[in-house]
Amino acid sequence: MSGPAIPAHLDAAAFETYLGRTRWFGGKGRALQVVGVRRVGTVPGALEGGPRVVLHLVDVAYADGPAGGETETYQVPLSCYTHPEHRLDHAFIGWWEDPDHGWVHAYDALHDREAMACWLRSFVASRTEDAVGDPATGLSFHRLPGHELDPETAASLFTGEQSNSSVRFGEDAVLKVFRKVTPGANPDIEIHDALTRAGSEQVAALYGWVQLDDPEGTGEPLHLAMLQEFLRTATDGFDLALASVRNLFAEGDLHAHEVGGDFAGEATRLGHALSAVHDAMREGFPTGTTDARTLAATMGERLDAALPVVPELAAHGAALREVFAAVADLGDLHVQRVHGDLHLGQTLRTTEGWKIVDFEGEPAKTLAERTLPDSRWRDVAGMLRSFDYAPHVVERTLAETDPEVSAQLSVRADEWAHRNRNHFLTAYAGGDLTESQRVLLTAYTADKAVYECVYETRNRPTWVSIPLAAVARIGAR
Ligand SMILES: Nc1ncnc2c1ncn2[C@@H]1O[C@H](COP(=O)(O)OP(=O)(O)O)[C@@H](O)[C@H]1O
Ligand SMILES: O=P(O)(O)O[C@H]1O[C@H](CO)[C@@H](O[C@H]2O[C@H](CO)[C@@H](O)[C@H](O)[C@H]2O)[C@H](O)[C@H]1O
């Protein structure tokens, strides 16, 4: 811990209020208590008259969590001024008197381009492979070889829905500041590092990262942020899929292959891209085998945990358990590092082809679970589920304005999903699947749909019908 103490009571209240207002805080809607605020370092590169950027870790406990149980830790970098900065009122966190600096007016630094310029200058100062930082706090900035940064590039915060916060520097680089942090190597950095060094064309190149050495005394570093290539020609894969579906729905009499916005070519290219990324991850990380019975049991346990949250799943419980039980007969399964939470929203179409982003895995899993080797078919199943979501999201949007939306539309939705799933799968597998692969893929798809039922119930309750319908279809096979 460094720097003068800030009155603890003032801190906790200010952070508690702010967390509840942000998009990225994972505990929204729960009764939270900030049980600790740690000042862990200052970003170098402050200019005379500019803000000091002070990194804070905020420990949060929940009234509905286990008493004395685990807390979550969120990163909140503060941009500190000696006077109010009204242009940052929307990101105001608190103000207090500091023994060393007098009155401090503190704002979420991600919203402040002056503060983000300090991060960029620190990366520029950290010459390739030679970290710059503060030995007193263990904070360090790291760079990979091969890319020059311009310290004058202006910063702007991404505005989309995110569980972290990303800032782009012009059209050159994007800095993702991790919000919920856990000691240990961050999988997004770890995988981008390996794939960038291997020359993969399917990911945005890693330029650098920020870490804190051993803040918890466990010997594990804490990864705070990742700097990578900004993909300036990128369009979100899910948005592209929605546009394709709308095209099909607008052409009442035409089939998917006859419509201008047909997605099948993109689905094929996505299949090839995922296969290449999987091959690169297999080369870059340890591989092994896992007993199929263990996997089947884990899927069953996930269903058990989902039932109290989504009681409608009970009607399909027996059928789902049969699907999982079939996996148990498959013997030893090949496992490797995978993406872990792949869907169309994690794919970006650029002029140079498809890129895959966000290798952090499913947000609800622990870091240890997210970094375990797994079957490649988990990611394939994630994509298949997304090909089901896209047409049904458009269908339900249309139904909101026109409750009489035709049954014909539902048939067309299935047609779109079926066509694109098939193109993706054929490209990924390079031909037909074996019987064992089919059994495994069906189980992973069912498992993902169960996960989605829980995810939607907690985050977008009106969407839960989409994965529930998929569960019913899988169960009815
Ligand atoms: N390298 C990049 N270049 C341009 N846009 C990107 C890049 N990486 C991610 N994005 C965009 O930012 C969004 C959020 O990124 P993501 O890694 O999914 O963040 P989070 O972990 O917060 O969900 C993505 O949906 C994508 O549209
Ligand atoms: O992107 P995240 O890592 O935050 O993933 C979570 O949120 C996703 C939604 O944004 C969720 O994805 C589900 O909805 C998508 C449409 O919005 C759909 O394409 C996916 O197939 C579906 O799973 C994801 O499951 C969740 O972990």
Side-chain angles (χ1 to χ4, degrees), residues 22-26 75 110 147 156-181 186-189 191-192 195-196 202-207 223 225-242 245 270 339-350 352 354-365 370 378-394 396-397 417 420-421 424 444-445 447-460 462-464 466-467 470:
T22 67
R23 272 189 183 168
W24 43 260
F25 177 54
Q75 180 186 185
L110 275 290
H147 185 75
S156 59
L157 181 63
F158 277 29
T159 51
E161 282 289 333
Q162 267 194 271
S163 43
N164 298 294
S165 297
S166 297
V167 163
R168 86 179 159 94
F169 294 104
E171 298 215 323
D172 182 45
V174 56
L175 179 72
K176 174 149 92 168
V177 173
F178 299 112
R179 291 300 195 166
K180 189 171 152 190
V181 288
N186 179 293
D188 217 5
I189 295 178
I191 291 175
H192 275 106
L195 268 52
T196 300
Q202 286 80 29
V203 295
L206 180 73
Y207 290 165
H223 280 156
M226 172 174 81
L227 185 74
Q228 63 181 158
E229 172 190 11
F230 176 67
L231 301 168
R232 64 188 173 78
T233 63
T235 309
D236 179 285
F238 195 64
D239 289 344
L240 276 179
L242 294 180
V245 174
L270 268 169
H339 183 285
D341 187 24
L342 193 59
H343 53 86
L344 279 162
Q346 311 279 36
T347 65
L348 292 173
R349 178 69 163 100
T350 73
E352 271 123 50
W354 284 98
K355 310 274 178 177
I356 294 178
V357 301
D358 198 1
F359 289 80
E360 276 199 280
E362 276 176 13
K365 286 186 174 168
R370 287 187 276 128
R378 181 182 291 286
D379 289 344
V380 177
M383 290 298 290
L384 297 194
R385 289 293 311 122
S386 226
F387 286 122
D388 179 57
Y389 256 76
H392 292 111
V393 167
V394 178
R396 63 179 299 289
T397 312
N420 291 298
R421 274 200 310 257
F424 170 78
Y444 270 118
T445 310
D447 178 67
K448 184 75 183 182
V450 168
Y451 162 83
E452 289 167 345
C453 287
V454 174
Y455 177 86
E456 300 299 1
T457 301
R458 294 202 168 129
N459 295 282
R460 306 180 288 201
T462 57
W463 285 33
V464 73
I466 298 176

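Counting starts at 1 for both ligands and their atoms, in listed order. What you see is a predicted model; the values in this text were computed from it and never measured. Values below: every heavy atom of this structure, side chains too, minus hydrogens, waters and symmetry copies.
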Using a 4.0 Å heavy-atom cut-off, which part of Ala204 comes near ligand 1: side chain, backbone, both, or neither? side chain
In terms of its nearest heavy atom to atom 5 (O) of ligand 2, the top option of Val393, Asp341, Thr347, Leu384 is Asp341
Check if Gly345 has a non-hydrogen atom at a distance under 4.0 Å from any atom of ligand 1. yes
For Pro363, which part has a heavy atom under 4.0 Å from ligand 2: side chain, backbone, both, or neither? side chain
Does Gln162 come within less than 4.0 Å of ligand 2, judged by its heavy atoms? no
Pick one of side chain, backbone, both or neither for how Val174 approaches ligand 1, counting any non-hydrogen atom pair under 4.0 Å. side chain
Residue portion contacting ligand 1 (non-hydrogen atoms closer than 4.0 Å) for Leu348: side chain
On a heavy-atom basis, I'd like to know which of Trp24, Tyr207, Phe230 is closest to atom 4 (C) of ligand 1. Phe230
By number and element, which atoms of ligand 1 are closer than 4.0 Å to a non-hydrogen atom of Val357? 8 (N)
N/O of Tyr451 under 3.5 Å from N/O of ligand 2, yes or no? yes
Any idea which part of Glu362 is under 4.0 Å from ligand 2, heavy-atom wise: side chain, backbone, both or neither? neither
At under 4.0 Å between heavy atoms, is it the side chain or the backbone of Arg168 that contacts ligand 1, or both, or neither? neither
Among Leu342, Thr445, Asp447, which one satisfies side-chain contact (heavy atoms from CB on, under 4.5 Å) with Arg378? Asp447
Is it the side chain (CB and beyond), the backbone, both or neither of Asn164 that lies under 4.0 Å from ligand 1, heavy atoms counted? both
Heavy-atom pairs closer than 4.0 Å: do any link ligand 1 to the side chain of Lys176, the backbone, both, or neither? side chain
Judged by heavy atoms only, the candidate from Gly237, Ser386, Gly382, Ser163 nearest atom 4 (O) of ligand 2 is Ser163
Rounded to the nearest 0.5 Å, how far apart are CG of Asn164 and CZ of Phe178? 6.0 Å
